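Comments concern the structure below.
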Amino acid sequence: MNISAGAGFIGWLGKGEGLLEYDGDFAGFSELIKEKRPIFIRHIFPSEYKIPYKDIENTEIGGIIFVRDFINRMDRKLNFSVQIRAAGDAGYYKPAEIKHKVSDYFKSKGFTEDKRYPGQIITIFISNGFARAGLSRPEENLSAWSGGMRHYAVREDTISRAGFKLMEALEAYPGVLNNIEKNGYALDLGAAPGGWTKVLLDNGLRVTAVDPVGLAPALQANENVVYYNIKAHEYLKKSNKKFDLIVNDMSMNIITSVNFMLSLKSRLKDKGYIIITFKLTKYDRINKIKEGVNLLSRDFSVVFIKQLFHNRSEVTVILQKINNK
């Protein structure tokens, strides 16, 4: 990604983790990244200190230079968390032990830890025998989760892990749920077994689920679900109903998926949303994504596009129908 003349790529620290140099502060770099809306960058953090790993492993935590600095810079009114990861052979390192030592030290100094909703984050990244550390706010890191890896617990009522993709998308772009009234109507195309339908229900929506493959019995029995045991194009011939939200996680190539969603414009209420996943091929990914986005932009506003943690070999795209389009 071409960020700006003030930034340069230094090299890779691990599989998927790279080091950039920027001639401004981290907050400014974060804003620049957000403006560019990179598809494949989920998480960033400032590398303010680089020390040999043996120092952080063997030295008294309170005596390490970045710890002393962060103590003075951290806001005591805000909760904190420590996020630590290791690239390469993780077996050589002891990230969990180091994380506990650092966390315990800051708690002993009167700071309050909150792993889920921190107001400030201490990041430690271990690679090639060195530990890099930085202090930042979660919103500056693009994601409050370590490495942008958002995890969800599998519960007894979890229908499918595929639902995690939609959960993460709705969390990453809360504008969808914020702008749809409670008890709004959602259309889930290719719904079976019902992972996405379950997420939509959990968020207060009434769902029309369409799939020739059977939907989970618990969802079929739900009074807020209308299930059509037919293919998507067959359903669309039967009904002219309009929806606040249309979702599509069907396995289609990007251009086929785009053309299908363009045909659904009339089924979407004004200012309604569409959430789809672009299935990525091994080759020519970027050009296919650009082609798909350009086609969609003629009829929709592309408000979000990102490869989220639960996407794997796909990209989540969120569209909004605007009156003048």
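Predicted, not measured: the structure shown is a model, and the values here were computed from it.
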With a 6.0 Å cut-off (strictly less than), is the heavy-atom count around [atom1] of [X], excluding the residue itself, greater than 12?
| X | atom1 | answer |
| --- | --- | --- |
| Lys115 | NZ | no |
| Lys269 | NZ | yes |
| Lys34 | NZ | yes |
| Leu78 | CG | yes |
| Arg155 | CZ | no |

Atom pair [atom1]/[atom2] of [X] and [Y] - distance to nearest 0.5 Å:
| X | Y | atom1 | atom2 | value |
| --- | --- | --- | --- | --- |
| Ile51 | Phe66 | CD1 | CZ | 5.0 Å |
| Lys50 | Ser127 | NZ | OG | 9.0 Å |
| Lys231 | Lys237 | NZ | NZ | 10.5 Å |
| Asn79 | Met74 | CG | CE | 9.5 Å |
| Arg137 | Asp75 | CZ | CG | 6.0 Å |
| Leu200 | Leu245 | CG | CG | 6.0 Å |

Donor-acceptor pair, [X] side chain versus [Y] backbone, under 3.5 Å?
| X | Y | result |
| --- | --- | --- |
| Arg206 | Asn183 | yes |
| Lys306 | Ile41 | yes |
| Asn229 | Pro212 | yes |
| Glu48 | Leu135 | yes |
| Glu168 | His310 | yes |
| Tyr273 | Val247 | no |
| Asp188 | Ala209 | no |
| Asn58 | Lys54 | yes |
| Gln320 | Ser301 | no |
| Ser30 | Phe26 | no |

Is there a path of hydrophobic side-chain contacts, each under 4.5 Å between heavy atoms, that joins Ile276 and Ile255?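 In one cluster with Ile276: Ile255, yes.
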Qualifying ring pair (Phe, Tyr, Trp, His ring centres under 6.0 Å) pairs, either residue in residues 179-198, two or more places apart: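 Those involving residues 179-198 do not exist here.
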Report yes if some heavy atom in the side chain of [X] is under 4.5 Å from a heavy atom in the side chain of [Y]; otherwise report no.
| X | Y | result |
| --- | --- | --- |
| Tyr235 | Thr208 | yes |
| Leu219 | Val207 | no |
| His43 | Asn141 | yes |
| Arg42 | Ser143 | no |
| Phe304 | Val176 | no |
| Lys99 | Pro95 | no |

For His151 and Phe309, what are the C-alpha separation, side-chain angles and deciding distance, and is it a ring-ring contact (aromatic ring centres under 6.0 Å, His included)? CA-CA 9 Å; His151 294 281; Phe309 175 62; 5.0 Å; yes
Does the plane of the ring in Phe70 sit parallel, tilted or perpendicular to the ring in Tyr49? Use 30° and 60° as the thresholds.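 Phe70 vs Tyr49 ring planes: perpendicular.
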Under 6.0 Å from the ring centre and within 45 degrees of the ring axis: does the NZ or CZ of Lys241 meet both conditions for the six-membered ring of Phe243?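 Verdict for Phe243: a cation-pi partner in Lys241.
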Could you tell me if Arg76 sits above the aromatic ring of Phe111, with its cationic atom closer than 6.0 Å to the ring centre and no more than 45 degrees from the axis?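 So Arg76 does make the cation-pi contact.
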Please walk me through it: do Asp249 and Lys279 pass salt bridge (Lys or Arg N to Asp or Glu O under 4.0 Å)? CA-CA 9 Å; Asp249 190 35; Lys279 310 300 180 181; 2.9 Å; yes
